[in-house]
Colleague: 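Structure in structure tokens, see below.
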Amino acid sequence: MRLPSQIQVFERGWLSCNNVLLQGSGGAALVDSGYGAHAPQTVALVEHALGGKRLAQLVNTHCHSDHMGGNRAIQDAHRCRTTIPVGEAPLIDRWDEEALVLGFADQRAERFRYDDTVAPGDEVRLGDLDWQVLAAPGHDPHAVMFFAPEERILISGDALWEDGFGVVFPALFGSTTALPETRATLESIARLDVRTVIPGHGRVFTAAGAALERAFGRLEGYEQDITRHARHAVKVMIVFALLEKRRMPIAALPRYLEEVGFLREVNARHLHLTPAALAEWLVADLERAKALGREDGDLVPLVRA
Ligand SMILES: [Zn+2]
């Protein structure tokens, strides 16, 4: 995939988001820092790419655990300026474990400081390119994307992947605006004339039109029946948990589904299954999808961490 030479993408698995390193005359900047458990690896990737130079700036597309989990480690290593979307600032100030989808979903991130914020409509200079800051509500109401018109590159975060987009969390908890916002975000991408998408997860891709078509198709399914999205979300969260824990006794899954607030709430609101029935359905479905397997009575992830 041809990207300008000052842009490097560290394609990670599903526990850590991709990291985008942009080097330019204003210093080096990193977009998103991965999951906390991978922070040493993220720091090493950046260090290797910079060859001992200091990182000047860290920027987040949004503040979920897999995008900001390495912030603190990167700050400790580089004393860099840290920039977050303006809407995330109050959540980071009070470290809102529910709104940030942390403890509420059995996810973790080390607390970090930020120096400034970006808002939709701003322009930032990263890697000697001007990037428009675009609103990307849906998956996260405060998320932003970065678009460089000169190169027609979009750093999309979790608003658009090659096959899908991030779970639209607020839509599962009674928000009536989150799915329409997701649609508006996809429509705003469609208007951009994007050549290359650097997504939050998965490989860099150029066929934005086809990706948008798939995304709109999925969204339509969720608009017709939100329980489809609830089932998708529970599967995504269980695979994420397995990627972090590496294994979980199958017998422990029903209890986990009751103990973790996010899973308990989504089941209570949308699925109405006993924990045992939900566990049974989850394992069967994720096994069929080859997302998890069994090993000595444990569930193990089969997708790349
Ligand atoms: Zn996210």
Side-chain angles (χ1 to χ4, degrees), residues 9-20 30-39 42 58-71 82-89 91-92 95-110 112 114 118 120 133-146 154-173 175 178-179 181-182 185-186 189 197-202 211 215 218-219 222 229-230 232-241 243-244 260 262-263 266 303 305:
V9 179
F10 306 140
E11 189 187 328
R12 312 291 289 272
W14 284 92
L15 188 61
S16 280
C17 70
N18 295 335
N19 319 118
V20 190
L30 186 74
V31 177
D32 287 339
S33 65
Y35 193 67
H38 284 166
T42 308
L58 173 61
V59 186
N60 289 126
T61 58
H62 63 295
C63 290
H64 282 160
S65 67
D66 53 333
H67 292 254
M68 64 162 180
N71 277 21
T82 301
T83 306
I84 62 173
V86 66
E88 307 279 20
L91 280 52
I92 296 297
W95 201 252
D96 188 326
E97 293 260 340
E98 183 164 338
L100 294 167
V101 202
L102 291 173
F104 177 58
D106 188 32
Q107 296 182 12
R108 282 148 284 280
E110 247 192 290
F112 62 92
Y114 62 90
V118 282
V133 180
L134 306 173
H139 165 68
D140 179 324
H142 314 296
V144 299
M145 308 179 284
F146 299 95
L154 179 71
I155 298 175
S156 63
D158 290 348
L160 179 69
W161 303 329
E162 192 171 18
D163 188 12
F165 46 82
V167 169
V168 185
F169 291 107
L172 298 169
F173 295 92
S175 165
L179 289 182
E181 282 171 353
T182 303
T185 294
L186 293 174
I189 296 173
V197 179
I198 303 175
H201 299 270
R218 279 170 184 255
L219 179 60
Y222 302 150
H229 199 49
H232 170 70
V234 169
K235 286 190 274 184
V236 166
M237 298 308 264
I238 287 296
V239 171
F240 192 88
L243 286 173
E244 190 196 16
V260 177
F262 176 89
L263 298 166
V266 170
V303 293

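Owing to the predicted nature of the structure, the values given are computational and were not obtained by experimental measurement. Both counts, for ligands and for their atoms, begin at 1 and track the order of listing.
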Colleague: Applying the side chain to side chain contact (heavy atoms under 4.5 Å, CB included) test to H229, which of V234, V266, L219, V167 qualifies?
Modeller: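 Testing H229 for a side chain to side chain contact (heavy atoms under 4.5 Å, CB included) against V234, V266, L219, V167 leaves exactly one candidate, V167.
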Colleague: For the residue pair D32 and N60, confirm or rule out a side-chain donor-acceptor distance under 3.5 Å.
Modeller: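 Side-chain D/A pair, D32 to N60: present.
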Colleague: Any N/O/S of H67 under 2.8 Å from the Zn ion (ligand 1)?
Modeller: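 Within the cut-off used here (under 2.8 Å), H67 places no N, O or S atom near the Zn ion (ligand 1).
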Colleague: Do M237 and Q107 have side chains that get closer than 4.5 Å, going by heavy atoms?
Modeller: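 Answer yes - side chains close enough.
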Colleague: Just give me the atom name: the N, O or S atom of H64 closest to the Zn ion (ligand 1).
Modeller: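 Output for this pair reads ND1.
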Colleague: Could you confirm whether C17 has any N/O/S atom lying under 2.8 Å from the Zn ion (ligand 1)?
Modeller: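 No N, O or S atom of C17 is closer than 2.8 Å to the Zn ion (ligand 1), so no.
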Colleague: Between H201 and H67 (judged by ring centroids, cut-off 6.0 Å), do the two rings come close enough to count as a pair?
Modeller: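 Yes, they do, as the ring centres are separated by less than 6.0 Å.
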Colleague: With the Zn ion (ligand 1) at the apex, how many degrees lie between OD2 of D158 and NE2 of H139, rounded to 10 degrees?
Modeller: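 Between OD2 of D158 and NE2 of H139, at the Zn ion (ligand 1), the angle is about 90°.
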